[in-house]
> 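This is the structure I want to talk about, given as structure tokens.
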Number of protein chains: 2
Amino acid sequence: MHELLITQMSYLIRLSEEEKEWIRQVFAIKTYEKGEYFLREGQVCREAGFIVEGMVRYVLTRDDGEELTVDFNKEMEYTCNYASFLDKSPSETAIQCIEPTTIIVISYDDLQEIYARFAEGQKFGRLICEFLYVQAIKKVQSLYTNEPEKRYLQFMDVYSTLVPRLPQYYISSYVGVKPPSLSRIRKRLAK
Amino acid sequence: MHELLITQMSYLIRLSEEEKEWIRQVFAIKTYEKGEYFLREGQVCREAGFIVEGMVRYVLTRDDGEELTVDFNKEMEYTCNYASFLDKSPSETAIQCIEPTTIIVISYDDLQEIYARFAEGQKFGRLICEFLYVQAIKKVQSLYTNEPEKRYLQFMDVYSTLVPRLPQYYISSYVGVKPPSLSRIRKRLAK
DNA sequence: GCCATTCGTTAACCTGGGTTAATAAATCTA
DNA sequence: TAGATTTATTAACCCAGGTTAACGAATGGC
């Protein structure tokens, strides 16, 4: 299980044998039922996770109580509310498992150990963050420039493998419209 | 001029005297007229900059040719198309100086030198990226949850010092609506 | 397999932003 | 200062998405 993470990390940095062993020691395995929360809104995110199996969604609750699904992560991806994790602020988004999910997690302090003690620890932190940043900025650009219809098409393209695992209303939320509107979009596109 | 940057960097990491001296050597001073481009769309962003004086806007051009202003940076802030800079990809946004602007710049390679040779170089890169990431994710959240009216109010709040330096249509673009719509919003709020 | 629940679509009506164009105000420029 | 240009507002009309509610379809639990 930890080997999947070590493989993933090895794409980014070199790991010594001791470092690999440390990873095996320090990451804890957690399992969640469908519907359970990896992180609740308002909590400080004190752990970063690597999803071994399953899927999570990021849930943003509006002032009026409506829940929006703004992102997904699946197996072989990291999951964390990084903003909350970094500055120990209350999380604005919840992270909910939408399938039975297994996540291996590391605490904030242990991750700082990786940053500090691994030969390329800081670099690992930087590369992860750079990846997340580029992803976030592309999303901003898409929200600025693309109509819902185009964002829907892009979603179906980029997340095609996820689609069969997702209800329609998570997708409509991600795209930024309500379910009836997504239905209309799908109807328009059907022609 | 470089001392401003050194001050700024010192908020994030410790700098030795040699490191400070290296910064003075390697950052080059560039000046721009109002309207000139720090970076054009399609170019690879090969330099990161620190704005000593003036202001820039980030310009995203839609498929239909319309220019959107999606962000601003002013004096004492960094400017860079980080996504392009990181992976040497063609920039999707231009960076235009909207006032007479002075920027001190560092090349990609020299910045890698900082990452590699400064005692806390990797940490500096990580912290900058973390800051940018948190900013980007907050923007995504705002685009998802806030109506244009609310985003306008937030802009007026957060960027209040910038407002007198900006034309209305940059603000409307940033908020995500067209000028007539921003006029309507302002009219509604006037009551 | 049956019932209850959840989910996706559709219809009718509403609303707020887009579009276009005209006008007024502010800014530049010579 | 006058004239040209740019910028901001307004009006009229259009349209896509929101809202609400109804109705099937799919799903889940027992």
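To find a chain, count down the sequence lines: A is the first, B the second, and so on, and within it residues start at 1. None of these values were measured; they are calculated from a predicted model.
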> Tell me: CZ of A:R151 to C1' of D:dA16, nearest whole Å?
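Roughly 13 Å, once rounded to whole Å.
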
> Is a side-chain donor-acceptor pair under 3.5 Å present for A:N73 with A:Y58?
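Short answer, yes.
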
> Can you check the A:K150 NZ to D:dA16 C1' distance for me, whole Å?
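About 18 Å, once rounded to whole Å.
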
> To the nearest Å, how far apart are A:Y170 OH and C:dG8 C1'?
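Rounding to the nearest Å, OH of A:Y170 and C1' of C:dG8 are 15 Å apart.
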
> Once salt bridge (Lys or Arg N to Asp or Glu O under 4.0 Å) is applied, do any residues pair with A:K34, and if so which ones, sequence neighbours excluded?
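A:K34 satisfies salt bridge (Lys or Arg N to Asp or Glu O under 4.0 Å) with no residue once adjacent residues are dropped.
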
> Ignoring backbone atoms, test whether A:K187 places a side-chain nitrogen or oxygen under 4.0 Å from the OP1 or OP2 oxygen of C:dA11.
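True: A:K187 side-chain N/O within range (under 4.0 Å) of C:dA11 OP1/OP2.
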
> Quick one: is the NZ or CZ of A:K123 closer than 6.0 Å to the six-membered ring centre of B:Y115, and within 45° of its axis?
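Here A:K123 fails the 6.0 Å and 45° test against B:Y115.
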
> Note down the inter-axis angle between the two ends of the helix from C:dG1-D:dC30 to C:dA30-D:dT1, five pairs each, to the nearest 10°.
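That helix gives 60° between its end axes.
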
> Answer yes if the side chains of B:Y152 and B:S172 hold a donor-acceptor pair under 3.5 Å, and no otherwise.
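Absent: no donor and acceptor within the cut-off.
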
> Do B:R57 and B:T69 meet the criterion of a side-chain donor-acceptor pair at a distance under 3.5 Å?
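Yes, because at least one side-chain N or O of B:R57 sits under 3.5 Å from a partner of the opposite role on B:T69.
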
> Could you go over nucleotides 17-24 of chain C and give all protein N or O partners under 3.5 Å, atom names and distances?
| residue | atom | partner | partner atom | Å |
| --- | --- | --- | --- | --- |
| C:dG17 | OP2 | B:R188 | NH1 | 3.2 |
| C:dG17 | O5' | B:S181 | OG | 3.4 |
| C:dG18 | OP2 | B:K178 | N | 2.9 |
| C:dG18 | N7 | B:R184 | NH2 | 2.7 |
| C:dG18 | O6 | B:R184 | NH1 | 3.1 |
| C:dT19 | OP2 | B:K178 | NZ | 2.8 |

> Without decimals, in angstroms, what is the distance between A:N146 CG and D:dA16 P?
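Result: 17 Å.
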
> To the nearest angstrom, how far is B:Y169 atom OH from D:dT5 atom C1'?
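These atoms are roughly 12 Å apart.
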
> Any donor-acceptor pair under 3.5 Å linking the side-chain atoms of A:R186 with those of A:Q168?
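There is such a pair between these side chains.
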
> Without decimals, in angstroms, what is the distance between B:Y152 OH and D:dA8 P?
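Taking OH of B:Y152 and P of D:dA8, I get 11 Å after rounding.
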
> Side chains of B:E47 and B:S107: any donor to acceptor distance under 3.5 Å?
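Note: B:S107 and B:E47 side chains miss the donor-acceptor criterion.
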
> CD of B:Q168 versus P of C:dA26: gap in Å, rounded?
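From B:Q168 CD to C:dA26 P: 13 Å.
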
> Strictly by modelled atom types, are B:D87 and B:S89 linked by a side-chain donor-acceptor pair under 3.5 Å?
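Yes.
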
> If you count heavy atoms of other groups shown closer than 6.0 angstrom to CZ of B:R165, is the number above 12?
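Enclosed.
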
